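Comments concern the structure below.
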Amino acid sequence: MADPKGFMTTPRQEWARRPAGERVRDWDEVYVPGALLPIISKQADRCMDCGVPFCHDACPLGNLIPEWNDLVAREDWRAASDRLHATNNFPEFTGRLCPAPCEAGCVLAINQPAVTIKNVECAIADRAWEEGFVPAWPPERLSGKTVAVIGSGPTGLAAAQQLTRAGHTVAVYERDDRIGGLMRYGIPSFKMEKRHLERRLEQMRAEGTRFRASVSVGRDVDAAELRTRYDAVVLATGATAWRELPVPGRELEGIHQAMRYLPLSNRVGEGDLKVSPLSAAGRHVVIVGGGDTGADCLGTAVREGAASVTQLDIYAQLGAERDEYAEPWPTYPKVYRLSPAHEEAAELRTAPAADADARLFAASTLRFTGDEGGHVRALELVEVDERRQPVPGTERTIPADLVLLALGFSGPDREDGLVEQLGLALDARGTIARDVGFATNVPGVFAAGDAARGQSLIVWAIAEGRAVAAAVDRYLTGSSQLPAPISPGDKPMRV
């Protein structure tokens, strides 16, 4: 604890964002470059080094948060990097993309603004790369065992890196043409620039991990045949089966799933396309769904020059403060949050009819209507009560010539044939069934991440990848020294 009074004398200060009008003209990250390091040591000093650090439990990775806060306060960046990477393979990802449940569990947050843990984490990771504190870490010797990891999102990459460092020969299979999963084609660059992903992939290649892009296991390669070629297989395919909206007019042109829309804009950034074929430019855009994917669509549509963007959220607008009775500390509270995309929409007034920022709360879609050519032109909605039942007399129509469905995901994609070819058992939710050791009903096949846990956060995805790697290592060698931060049955802290 560098400053015993830091939490009393220093107010919370977050990484400053660039002005909304400036940042919507490009695809760079929303934060002011270089503005974090001058403030972060004092912010780390706010950590109380409390006797019972609930931030550890709130983070499924078990990050050693008080330790690296203290090291940052003392500006010992190398040691801070070592402590951070001891529990997290990719802190430059989580420092940008994680919603920081650790901050909700911060003891200081009982009666003050929490320590800016996420900002400290990001500062350590970026400084570590700048100073060369994260070189490749190839194994000293090879085990002679081979592992196929199917899926290159955060779970697959974490599992691959851990198993490679343990001495196994690992090949990562990805159906898209580039490695990275949702971090590549689902997450917009204004949330995380792809250079962070590329840098980490280069490290993994130098360590010995092999990547097989443009290979859809189940379509291009029979999954059962692939199983015979490796000593173990890790399924980290994600939960890519999106939920539908079965209302009248769904068949109209111009209505698309969010994960059809977002990858195209990312491909523009990669240089594959000059303009997205689903560009929002000049269109009245309606996003159905109030989660993070919807916010990603919102920020993307604003940058593409939409005429208007409105986001429908079926839930009522939340309050700004934690409900101490319904969601007591240290659980992650359901409160009104203003993402950078919503901040931009509010300042630029992209949705004049919205309740707040770009969102219409407690709103449910009744039907879509279109023109004579079969293209969507309007969306009819209705207000709903706390039971999500329609409130009579609240129907209204808003213009919509591009509709994006961001309703979440129900489990792994069944269309590629992987589940059937391996003969995998599924649970009642439609996700891949596994035992307490991450093993499926097929010997030597393990499942981790959203494909088995269900849709979750990036920090849980990385924790799953680390834990399944320990299980696979144990299966291959009889024992393992790899860390296993979670078990398949672990859940986030909730009431």
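Values in this document were obtained by computation on a predicted structure and should not be read as measured data.
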Are the side chains of [Y] and [X] in contact, using a 4.5 Å heavy-atom criterion?
X	Y	result
Phe190	Asp28	no
Asp45	Thr10	no
Leu235	Val149	no
Lys191	Glu29	no
His85	Val134	yes
Leu97	Ile187	yes
Leu381	Leu312	yes
Arg25	Arg303	no

Ring pair (Phe, Tyr, Trp, His ring centres under 6.0 Å) partners of [X], counting only residues at least two apart:
X	result
Trp329	Phe54
Tyr173	none
Trp15	Tyr31
Tyr261	none

Going by an N to O cut-off under 4.0 Å, is there a salt bridge joining [X] and [Y]?
X	Y	answer
Asp126	Arg96	yes
Asp272	Arg178	yes
Arg12	Glu103	yes
Arg18	Asp26	yes
Glu380	Arg396	no
Glu67	Arg83	yes

Could you verify whether a donor N or O on one side chain and an acceptor N or O on the other, from [X] and [Y], lie under 3.5 Å apart?
X	Y	value
Glu347	His342	no
Gln161	Asn89	yes
Arg184	Asn266	no
Glu121	Asn88	yes
Asp450	Ser456	no
Glu14	Asn119	no

Other residues, nucleotides and ligands only: do more than 12 of their heavy atoms fall within 6.0 Å of CD on Glu395?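 Yes, the 6.0 Å shell around CD holds more than 12 heavy atoms from other groups.
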
So does Arg199 have more than 12 non-hydrogen atoms from other groups sitting under 6.0 Å from CZ?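 Counting neighbours around CZ of Arg199, more than 12 heavy atoms of other residues, nucleotides or ligands fall under 6.0 Å, so yes.
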
Is [X] reaching over with its side chain to a backbone N or O of [Y], donor-acceptor style, under 3.5 angstrom?
X	Y	result
Gln311	Gly289	yes
Glu327	Lys334	yes
Thr331	Pro333	no
Lys194	Met183	yes
Thr365	Arg367	no
Thr300	Asp296	yes
Asp401	His284	yes
Glu383	Ala363	no
Arg429	Ala452	yes
Arg23	Pro340	yes

Kindly indicate, with the supporting measurements, whether the criterion side chain to side chain contact (heavy atoms under 4.5 Å, CB included) is fulfilled by Val72 and Ile124. CA-CA 8 Å; Val72 168; Ile124 297 171; 3.4 Å; yes

Could you walk me through whether Thr87 and Asn63 pass the side chain to side chain donor-acceptor pair (under 3.5 Å) test, one step at a time? CA-CA 6 Å; Thr87 57; Asn63 280 333; 2.5 Å; yes

Between [atom1] of [X] and [atom2] of [Y], what distance do you get to the nearest 0.5 Å?
X	Y	atom1	atom2	result
Arg387	Gln389	CZ	CD	6.0 Å
Asp371	Arg377	CG	CZ	4.5 Å
Ser216	Asp176	OG	CG	9.0 Å
Ile65	Cys55	CD1	SG	4.0 Å

Using the side-chain contact (heavy atoms from CB on, under 4.5 Å) criterion, which residues pair with [X]? Sequence neighbours excluded.
X	result
Arg388	Ile314, Tyr315
Ala351	Thr310, Ala354, Ala358
Leu273	Leu264, Arg267, Val268, Pro277
Glu321	none

Does anything in [range] form a side-chain hydrogen bond (donor to acceptor under 3.5 Å, both in side chains)? List the pairs, not counting sequence neighbours.
range	value
residues 150-159	Ser152-Glu174
residues 104-118	none
residues 239-250	Glu244-Arg250, Glu244-Gln257

Working for side chain to side chain contact (heavy atoms under 4.5 Å, CB included), residues Val285 and Ser308: CA-CA 6 Å; Val285 181; Ser308 69; over 6 Å; no

Per the ring pair (Phe, Tyr, Trp, His ring centres under 6.0 Å) rule, what does the pair list look like for residues 87-125, sequence neighbours excluded?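 Of all non-adjacent pairs touching residues 87-125, those that pass ring pair (Phe, Tyr, Trp, His ring centres under 6.0 Å) are Phe90-Phe93.
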
Can you check side chain to side chain contact (heavy atoms under 4.5 Å, CB included) on Arg349 and Asp357, steps first, answer last? CA-CA 8 Å; Arg349 299 184 59 80; Asp357 46 72; over 6 Å; no

Report the C-alpha separation of Arg359 and Tyr336 in whole Å, then their side-chain angles, then the decisive distance to 0.1 Å, and conclude whether the side chain to side chain contact (heavy atoms under 4.5 Å, CB included) test is met. CA-CA 11 Å; Arg359 287 172 279 193; Tyr336 175 76; 3.4 Å; yes

